[in-house]
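This report concerns only the one structure given below.
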Amino acid sequence: MALKLYNTMGRKLEEFTPITPGYVGFYGCGPTVYNYAHIGNLRAYIFLDILDRTLTFLGYNKKHVMNITDVGHLSGDGDDGDDKMLRSAEEKHKSVMEVAQFYTDAFFYDIDRLNIIRPDVVCKATEHISDMIELIKKIEANGHTYFAGGNLYYDVTTYPDYGKLAGINLEDLKAGARIEVDPNKKNPHDFVLWFTKSKFENQALNWDSPWGRGYPGWHIECSAMSMKYLGEQFDIHTGGIDHIPIHHTNELAQSEGAIGKKWVNYWLHNEFLVIAKEKTDEATVEVAEKMSKSHGNFLTLQSLVDKGYNALDYRFFLLGAHYRKQVFFSWSAMDSAKNSRQALIQRISRLAKSSDDLLEKTYSRGEAADMLGLSEKAAAHIAKFKEALENDLSSPVALSELQKTVKDPDLAPFETIELVNRMDSVMGLKLVSSAKKLFDEQKDASNTDLHKGDPEADEINALVAERADAKKSKNFVRADEIRTVLATRGIVIIDTPNGVEWKRV
């Protein structure tokens, strides 16, 4: 089976064929760093991570590019509202750059806690203004712009396919257009490429340009930076479904207006995380709404950690829903995810009792799924896991297959651990390392309890631990020396189902 992805352009599942065989270039819209990312925002980056890991698992080379918006994003996705960065800076009595750096650091702290692989390229808008200006020049040269009221606008009527990503044509947009607050626009759906006369008297950040001193519109940054690092045409563009009608629609129009040909082959969008708003008296159905900073109903990852959850419990929770399905957040669902992840870790830890070094074997991410030397049953598990990923990144089915693998009594322990390593290279739940930590903690506790009251216990435990480390690093000479030293003191080392123990003889 080949990888199939649901392409928002055309609204159908398509077999994935990269522009360059064996290589995938993809761009994911990053955060606007004016506040903490909430757990709804973070769903997009879990989805991106599964895409990244799946491509590697399937043997592709790839380049993943993500932007950091630190200028130009107004509170409305169009050209209305306040500047998000400026408003946040004013509220916190800090400079825009101080706010941007603080929340960029906070974002990547969350990314790391969720075990999300960082993109190959992370690019800040403020560091790519010259690239945006050069792209706008191309758009202007191709006759897609007009200058009015001090701002440079994109004229959507010059791009006949405007709205095709959202599934609406320009005539429908015109018919349903609301009264636009910007009187300089010829069409309500035109958008600003470059502001020189903002509604703000003292815009914090501005640059010289052919159209006057000012700053870029929000949409142009993604087009400019994606092309800088991936070329004029690339394979995949991702984002949340809320980007489809305006941000991605405008990106597409200006990009193809600049290059005069198809820009992106596959558009992938993740659904919202929704949170309970209220329960009606008349029905048992819970009313839910999108988690949003503007609604004031958002939770951060830290708020989950403060309630006793591991960040990976939230990752597990999200993997249980397909990225194109709306997922309902609740504390009971988080409890279930936490318990299920811990149950997996405990099962894997118990497998280690059959071998002292079973959990030490690790595999590089994306190692080919060649099951040479393993049973037919093991090969069947990995095949089903791979098939789930190839079916539009179906993480719920893949996660279920991982759970079945861990519970399968017909697999040898070493097979189970190998399969878990391979599967978790995509799921990213740190199952084997967590199981090893649990196993070591239980082993240490067992030895401590066994030798309470022995004045030499700490020293002997240290030697036993050193011997174990020596064995793991294949320093068998040192391991044998320690066994001999202990034997002369009447200490015998015993390998048990619960780990290494010792006793006096």
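Computed from a predicted model, the values in this text were never measured in an experiment.
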Where do Q403 and S340 come nearest, in terms of heavy atoms and distance?
-> NE2-CB, 4.3 Å
Closest non-hydrogen atom pair, A258 against N142 = O-ND2, 3.0 Å
Can you see which heavy atom on A166 is nearest to which on I244, and at what distance?
-> CA-CG2, 3.8 Å
Using a distance-only test with no angle check, is there a side-chain donor-acceptor pair under 3.5 angstrom linking N250 and Y162?
-> yes
May I have the step-by-step check of side-chain contact (heavy atoms from CB on, under 4.5 Å) for L393 and F47, ending in yes or no?
-> CA-CA 9 Å; L393 314 176; F47 152 58; 4.0 Å; yes
Between K228, K138, K124, which is the residue that forms a salt bridge (charged side-chain N to carboxylate O under 4.0 Å, His left out) with D131?
-> K228
Check whether any side-chain heavy atom of K338 lies under 4.5 Å from a side-chain heavy atom of N310, and answer yes or no.
-> no
Assert yes or no for the condition that the ring centre distance of Y153 to F147 is strictly below 6.0 Å.
-> no
When you measure from the side chain of D392 to the backbone N and O of S394, does any donor-acceptor pair fall under 3.5 Å?
-> no
Step by step, would you call I68 with V122 a side-chain contact (heavy atoms from CB on, under 4.5 Å)?
-> CA-CA 7 Å; I68 298 291; V122 176; 3.6 Å; yes
Considering residues, nucleotides and ligands other than K164, do more than 12 of their heavy atoms fall under 6.0 Å from its NZ?
-> yes
Would you check, one step at a time, whether the test salt bridge (charged side-chain N to carboxylate O under 4.0 Å, His left out) holds for D235 with K62?
-> CA-CA 10 Å; D235 298 297; K62 52 82 188 174; over 6 Å; no
Can a cation-pi geometry be assigned to R324 and Y6, taking NZ or CZ under 6.0 Å from the six-membered ring centre and within 45° of the ring axis?
-> yes
E232 bridged to K261 by N-O distance under 4.0 Å = yes
Fit a plane to each ring of W263 and F234, take the angle between them on a 0 to 90° scale, and name the class: parallel (under 30°), tilted (30 to 60°) or perpendicular (over 60°).
-> perpendicular
How about Y36 and Y103: are their ring centres within less than 6.0 Å of each other?
-> yes
Have D70 and Y34 got a donor and an acceptor in their side chains that come within less than 3.5 Å?
-> no
With a 4.0 Å cut-off, would you call D424 and K430 a salt bridge?
-> no
Would you give the length of the straight line joining atom CG of D49 to atom CE of M427, rounded to the nearest 0.5 angstrom?
-> 9.5 Å
Indicate, with yes or no, if the rings of Y229 and H128 have centres closer together than 6.0 Å.
-> yes
Are E140 and K137 within salt-bridge range, i.e. N to O under 4.0 Å?
-> no
Is there a donor-acceptor contact under 3.5 Å linking the side chains of Y323 and E271?
-> no
Roughly how far apart are N265 CG and L5 CG, rounded to 0.5 Å?
-> 11.5 Å
Side-chain donor-acceptor pair present, Q302, D306, cut-off under 3.5 Å | yes
Would a distance-only check, ignoring hydrogens and angles, find a side-chain to backbone donor-acceptor pair under 3.5 Å from Y314 to L304?
-> no
Distance-only, no hydrogens or angles: does the T20 side chain make a donor-acceptor pair with backbone N or O of Y23 under 3.5 Å?
-> no
S434 side chain to L431 backbone, donor-acceptor under 3.5 Å | no
Decide whether H64 and D52 meet the rule of one side-chain donor and one side-chain acceptor closer than 3.5 Å.
-> yes
Just how far is it from atom CG of L301 to atom CG of L114, taken to the nearest 0.5 Å?
-> 5.0 Å
Which is it for D105 and Q101 under the side chain to side chain donor-acceptor pair (under 3.5 Å) test, yes or no, and what are the steps along the way?
-> CA-CA 6 Å; D105 292 343; Q101 190 59 58; 2.8 Å; yes
Taking all atoms of both residues into account, what is the closest heavy-atom pair of R53 and N115, and its distance?
-> NH2-O, 2.8 Å
Are the side chains of V121 and M225 in touch, meaning some heavy atoms are under 4.5 Å apart?
-> no
d(H38 NE2, S303 OG) to nearest 0.5 Å is 11.5 Å
Flag side-chain contact, heavy atom, 4.5 Å: L399 against F316 = yes
Do the ring centers of Y215 and W194 come within less than 6.0 Å of each other?
-> no
Under 30°, 30 to 60°, or over 60°: which ring-plane class applies to H243 and H248, parallel, tilted or perpendicular?
-> tilted
Note, V406 side chain near V420 side chain (heavy atom, < 4.5 Å) = yes
Can you tell which of Y27, Y266, F26 makes a ring pair (Phe, Tyr, Trp, His ring centres under 6.0 Å) with H237?
-> Y27
Side chain to side chain donor-acceptor pair (under 3.5 Å) between H269 and T8, intermediate numbers included = CA-CA 7 Å; H269 292 92; T8 304; 2.7 Å; yes
Of all heavy-atom pairs between A321 and S395, which one has the smallest distance, and what is that distance?
-> O-OG, 3.4 Å
Please check if the distance between the ring centroids of F102 and F107 is under 6.0 Å.
-> no
Do you know which two heavy atoms are closest between I136 and L193, and how far apart they sit?
-> CD1-O, 3.5 Å
R341 bridged to D313 by N-O distance under 4.0 Å | yes
For V264 and L252, what are the C-alpha separation, side-chain angles and deciding distance, and is it a side-chain contact (heavy atoms from CB on, under 4.5 Å)?
-> CA-CA 8 Å; V264 172; L252 181 61; 5.8 Å; no
Trace of the salt bridge (charged side-chain N to carboxylate O under 4.0 Å, His left out) decision for R213 with D208 | CA-CA 4 Å; R213 190 166 179 81; D208 290 327; 3.0 Å; yes
In terms of side-chain heavy atoms, does H219 have a donor or acceptor partner in Q254 at a distance below 3.5 Å?
-> no
Scan side-chain atoms only and decide if D190 and Y146 contain a donor-acceptor pair under the 3.5 Å cut-off.
-> yes
From I236 atom CD1 to L268 atom CG, the distance as rounded to the nearest 0.5 Å | 6.0 Å
Between R113 and D110, is a salt bridge (charged side-chain N to carboxylate O under 4.0 Å, His left out) present by the stated rule, with each step listed?
-> CA-CA 5 Å; R113 288 195 287 181; D110 285 346; 2.8 Å; yes
Check whether any side-chain heavy atom of S336 lies under 4.5 Å from a side-chain heavy atom of F317, and answer yes or no.
-> no
Distance, nearest 0.5 Å, that separates CE of M334 from CG of L299 = 10.0 Å
Please check if any side-chain donor atom of N67 sits under 3.5 Å from a side-chain acceptor atom of T69, or the reverse.
-> yes
Please test L318 against V327 for side-chain contact (heavy atoms from CB on, under 4.5 Å), starting from the C-alpha separation and ending with a verdict.
-> CA-CA 8 Å; L318 290 178; V327 61; 4.3 Å; yes
Spell out, as yes or no, whether a donor-acceptor pair under 3.5 Å connects the side chain of S400 to the backbone of P396.
-> no
Hey, what's the ring geometry for F385 with F57, parallel, tilted or perpendicular (30° and 60° as the breaks)?
-> perpendicular
